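Take a look at the structure set out below.
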Amino acid sequence: MDSIGSLDSTKPANNDVGNVPNGTASAIKNSLPATAITSTEATLGRHLARRLVQVGVTDVFSVPGDFNLTLLDHLIAEPKLTNIGCCNELNAGYAADGYARCRGVGACVVTFTVGGLSVINAIAGAYSENLPVICIVGGPNTNDFGTNRILHHTIGLPDFSQELRCFQTVTCYQAVVNNIEDAHEMIDTAISTCLKESKPVYISISCNLPGIPHPTFSREPVPFSLSPRLSNKLGLEAAVEAAAAFLNKAVKPVMVGGPKLRVAKASEAFVELADACGYPFAVMPSAKGLVPEYHPHFIGTFWGAVSTAFCAEIVESADAYLFAGPIFNDYSSVGYSLLLKKEKAIIVQPDRVVISNGPAFGCILMKDFLTALAKRLEHNNTAYENYARIFVPDGKPLKAEPGEPLRVNILFKHVQEMLSGETAVIAETGDSWFNCQKLKLPKGCGFVDRYEFQMQYGSIGWSVGATLGYAQAVRPKRVISCIGDGSFQVTAQDVSTMIRNEQNPIIFLINNGGYTIEVEIHDGPYNVIKNWNYTALIDAIHNGDGKCWTSKVTCEEELTEAIQTATGEKKDCLCFIEVIVHKDDTSKELLEWGSRVCAANSRPPNPQ
């Protein structure tokens, strides 16, 4: 028998669909007719700025360097585009990642090589999460290409392609614009590809080109519509017929949503299918927030041994399961320990459907498939009735005694009470993954709830930059970020940028003295970090300029008072609450998950 998410499973095909994710980028459509513009605005830089605005980017995250300064001049000249200057390129990339999660597309601007190789880690993360991020780099003067000159910001060789070669593996398209004649086509192709593939792209623009006018830029960019991808009609009918026959003969089928629901823009179709068939449905951990958790048939997060209570039992005991947009990796499979069988599964990727051990159907969009399948399934709520019979409501944390040292479960009880349709949650890599996963997301203003974390790439420190970008994009909602002390030390500087741009997130800095998630995988002295006076650090960054408020809490009474202040008189401020907890205070899920991931990591080599 083949298993899913187990050691002997084959790697699932990467079937990313070229659809713009949820966000304003989907508004690329015909609008006003093209109009002539003045020669001072008919430049490469202004054309790029207008294109960014047109696809939904109204803020770019940048770090200036001598190769991109002229380009930045032309970008900030666009009245509908705001430049957000960041403290370093890594955070600028993370901010563009966070922005893209909300708006559907994000952009960052850095300088040649020293900036590009600094931002590349964030771009790799965006690639892994199927986020359309436009990475713009100010490149060398056009006269230096093809010469034997050695430039600064390089590794000392006359070859300028090192940065390009590095970006080729983490972007879906690369444009090196060093000729004004084809700049219009290259920029438009890059942006279109970014949106269609829902992956980052790289655009390098020579430093002496942004201010040059050209006839191709002499009119407002004609709003372009991306040609919609269509399902193969016969393939769709065959896939739906086979899937309906497979599921209709099952006794207790279930549904599980995966993270690629976002790129496929299929969240609504997934819930409509659940409504039609009556199956219970869960989400994989990285799909949290992509479907409404207040739906009556939602049974929680399916994460193997660390699932929501009673969820894994229902999913793994089902005789058929439909997974929509899953990613089965070592983290989501809890060290390859899922108890799933391939012959019981229908795997729906953004443009492909595989039923059991076969057949497989290509060129079928997930959204179309789920919508059509909803009309063919017989209603069957057996699995949900089983769930309802065994379900026991969650217990509550033990009440804290007055002055008792604060526990993490008490902290998240209060975080839960803060959530509303006007909040969004950012969870940093670490124990916040598991604690935030247990939060019950209330009904938001849109179809999906605002909840983000970076599970596939899992880069510690991601959440600081992502909070910056997400808070900029999601206004007037308020972002609540849960960040561990180890992660915060990687990227702390751009709290400064949040204050500078008058953002008002609430940041819970969970101070437990080290890299707790790594302690539970494999402990060692390297997991202990130098303790900082975090509130004093933020006060120093604030420096009396802007709206910022900090508090350090050690017990529930202090936490309650801090939250009341942050949501009351300081609601317009960036609020930084340092939470002191015991170094061994972790979620039970992390303990289980860490031991299983450790076992997977420590497998001996296969015999040669």
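Predicted model, so just to flag it, every value in this text is computed and none were measured. Excluded from the calculations below are hydrogen atoms, water molecules and symmetry mates; all remaining heavy atoms, backbone and side chain alike, are included.
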Between [X] and [Y], a side-chain donor and acceptor under 3.5 Å:
| X | Y | answer |
| --- | --- | --- |
| S332 | N329 | yes |
| E428 | S463 | yes |
| S459 | Y94 | yes |

Judged by atom type as modelled, is there a donor-acceptor pair below 3.5 Å linking the side chain of [X] to the main-chain atoms of [Y]?
| X | Y | result |
| --- | --- | --- |
| T308 | T301 | yes |
| K199 | Y127 | yes |
| H297 | G278 | yes |
| N91 | T491 | yes |
| N248 | R376 | yes |
| K477 | G421 | yes |
| D485 | G513 | yes |
| T423 | S420 | yes |

Taking ring-ring contact (aromatic ring centres under 6.0 Å, His included) as the test, write out the residues that go with [X], two or more places apart.
| X | result |
| --- | --- |
| Y173 | none |
| F434 | W303, W593 |
| H295 | F281 |
| F369 | none |

Kindly compute the distance separating [atom1] ([X]) from [atom2] ([Y]), expressed to the nearest 0.5 Å.
| X | Y | atom1 | atom2 | value |
| --- | --- | --- | --- | --- |
| S307 | I314 | OG | CD1 | 11.5 Å |
| I347 | L340 | CD1 | CG | 8.5 Å |
| N527 | I517 | CG | CD1 | 11.0 Å |
| S231 | E237 | OG | CD | 11.0 Å |
| I299 | Y387 | CD1 | OH | 6.5 Å |
| E518 | Y526 | CD | OH | 9.5 Å |

Looking at [X] and [Y], what are the two nearest heavy atoms and their distance?
| X | Y | result |
| --- | --- | --- |
| F453 | P285 | CE2-O, 3.1 Å |
| I460 | S487 | CB-OG, 3.4 Å |
| A276 | H379 | O-CD2, 3.6 Å |
| K367 | A264 | CB-O, 4.2 Å |
| P505 | T467 | CB-CG2, 4.0 Å |
| P280 | P253 | CD-O, 3.7 Å |

Please, which pairs that meet salt bridge (Lys or Arg N to Asp or Glu O under 4.0 Å) have at least one residue in [range], sequence neighbours excluded?
| range | result |
| --- | --- |
| residues 313-323 | none |
| residues 122-133 | R101-E129 |
| residues 431-440 | D394-K440, K438-E589 |

Sequence neighbours excluded, which residues qualify as salt bridge (charged side-chain N to carboxylate O under 4.0 Å, His left out) partners of [X]?
| X | result |
| --- | --- |
| R389 | none |
| R596 | E592 |
| E520 | none |
| K413 | E556 |

Measure the shortest side-chain to side-chain distance between [X] and [Y] over non-hydrogen atoms and say whether it is less than 4.5 angstrom.
| X | Y | answer |
| --- | --- | --- |
| P259 | N130 | no |
| V408 | T586 | no |
| V283 | L290 | no |
| F302 | V254 | no |
| V306 | L590 | no |
| F488 | I510 | no |
| F508 | S432 | no |
| L373 | V348 | no |

Report yes if the distance between the aromatic ring centroids of Y331 and W433 is under 6.0 Å, otherwise no. yes
Show the numbers, then the answer: is there a side-chain contact (heavy atoms from CB on, under 4.5 Å) between L370 and E272? CA-CA 8 Å; L370 297 178; E272 288 170 1; over 6 Å; no
Could you work out, with side chain to side chain donor-acceptor pair (under 3.5 Å) as the rule, every residue matching R407, not counting sequence neighbours? E404, N409
Assess whether side-chain contact (heavy atoms from CB on, under 4.5 Å) is satisfied between R229 and C363, documenting all intermediate values. CA-CA 9 Å; R229 288 192 173 183; C363 301; over 6 Å; no
Checking V170 against I120 for the side-chain contact (heavy atoms from CB on, under 4.5 Å) test, could you report, in this order, the C-alpha distance in whole Å, the side-chain angles of both residues, the deciding distance, and whether it holds? CA-CA 8 Å; V170 295; I120 198 167; 3.8 Å; yes
F323 and Y321 aromatic ring geometry - parallel, tilted or perpendicular at 30°/60° bounds: perpendicular
With a 4.0 Å cut-off, would you call E293 and K288 a salt bridge? yes
Member of I346, N380, I355 meeting the side-chain contact (heavy atoms from CB on, under 4.5 Å) criterion with L247: I346
